[in-house]
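Both counts, for ligands and for their atoms, begin at 1 and track the order of listing. All residue numbers in this chain count up from 1 along the given sequence. Small disclaimer: the values here were computed from a predicted structure and weren't measured.
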Amino acid sequence: MKHERMIAVAALIFSATLSLSAVSAVAQQANDMNNMSGMKMPMDAPSPAKGAAAKAGDLDISGAYVRAMLPGQPVGGGYLVIHNGGGSNDTLVSVKSPGAGKVELHEMKMENNIMKMRELKDGVAVPAGATVELSPNGLHMMFKQVKAPFKQGGTVPVTLTFEKAGSVDLILPVLPVQGN
Ligand SMILES: [Cu+2]
């Protein structure tokens, strides 16, 4: 009897290990594919093909996504790339989402070896001809008072408002924390 139970437990552990290694194999494959593209990108850089894209006047928005939230994580992070193909400077002044009480624009900065985050009350400048990236460990959208934690496979609608280009709606996919 006792022996049978031990076998059952061993089988359970074995299948758990198996599914874990399947997950890491998939992650490895994703990394290999990133490397094959020949572009030098940090491991957690967004893949523009996976994110949402939109146009607002002279602005091209691409690679827009939010990260799945970990259990107990109080806030969500959102990222995108904005290219200003026009001749005048613009500014991303605000972000709104029905999925969060408020969305702030933040930046991360190293100060005395400590990563600090602060709100950019004046928004994110998008100079003429420039490409501005909101990415993990840099500029980002911070979703506060999130109504339901962002889950992989889900979506989060947002409205971006620019000083000159006006407002644009995007549906952001929720991508896994690793391997996106
Ligand atoms: Cu933040």
Side-chain angles (χ1 to χ4, degrees), residues 27 30-31 34 39-57 59-84 89-128 130-180:
N31 285 338
N34 276 345
M39 286 186 287
K40 283 217 166 119
M41 282 198 285
M43 283 266 285
D44 57 0
S47 158
K50 277 186 189 166
K55 272 184 187 287
L59 306 179
D60 259 309
I61 297 145
S62 61
Y65 71 100
V66 295
R67 266 183 166 180
M69 289 164 69
L70 302 171
Q73 188 182 330
V75 294
Y79 315 97
L80 47 77
V81 178
I82 309 161
H83 173 68
N84 184 351
N89 300 336
D90 209 338
T91 303
L92 172 59
V93 286
S94 67
V95 181
K96 280 198 160 66
S97 173
K102 61 174 172 175
V103 186
E104 295 176 356
L105 292 163
H106 281 188
E107 78 170 343
M108 304 264 260
K109 256 193 174 167
M110 284 298 278
E111 264 174 45
N112 303 320
N113 291 323
I114 299 163
M115 191 63 102
K116 285 195 173 170
M117 185 158 71
R118 73 180 184 100
E119 187 182 0
L120 299 170
K121 300 242 185 209
D122 297 329
V124 173
V126 189
T131 301
V132 176
E133 190 175 348
L134 279 66
S135 62
N137 305 323
L139 298 167
H140 57 275
M141 297 179 275
M142 187 127 276
F143 293 73
K144 294 190 164 175
Q145 297 148 28
V146 171
K147 295 189 178 144
F150 302 161
K151 264 193 174 168
Q152 188 182 337
T155 55
V156 178
V158 292
T159 302
L160 311 179
T161 301
F162 295 90
E163 196 182 342
K164 295 204 179 82
S167 291
V168 59
D169 294 329
L170 283 141
I171 308 282
L172 309 185
V174 182
L175 299 186
V177 172
Q178 298 293 327
N180 50 14

**Q** Side chain of His140, backbone of Gly138: donor and acceptor closer than 3.5 Å?
**A** yes
**Q** For the Cu ion (ligand 1), find the closest N/O/S atom on His106 and give its atom name.
**A** ND1
**Q** Backbone or side chain, does Met108 get an N/O/S atom under 2.8 Å to the Cu ion (ligand 1)?
**A** no
**Q** Can you tell me the angle formed at the Cu ion (ligand 1) by NE2 of His140 and SD of Met117, to 10°?
**A** 100°
**Q** Val168 and side-chain contact (heavy atoms from CB on, under 4.5 Å): which single residue from Leu59, Ile61, Thr161, Thr159 fits?
**A** Ile61
**Q** Any carboxylate oxygen within less than 4.0 angstrom of a Lys/Arg side-chain nitrogen, looking at Lys109 and Glu111?
**A** no
**Q** From the options Leu175, Val158, Val156, select the one residue that forms a side-chain contact (heavy atoms from CB on, under 4.5 Å) with Val66.
**A** Val156
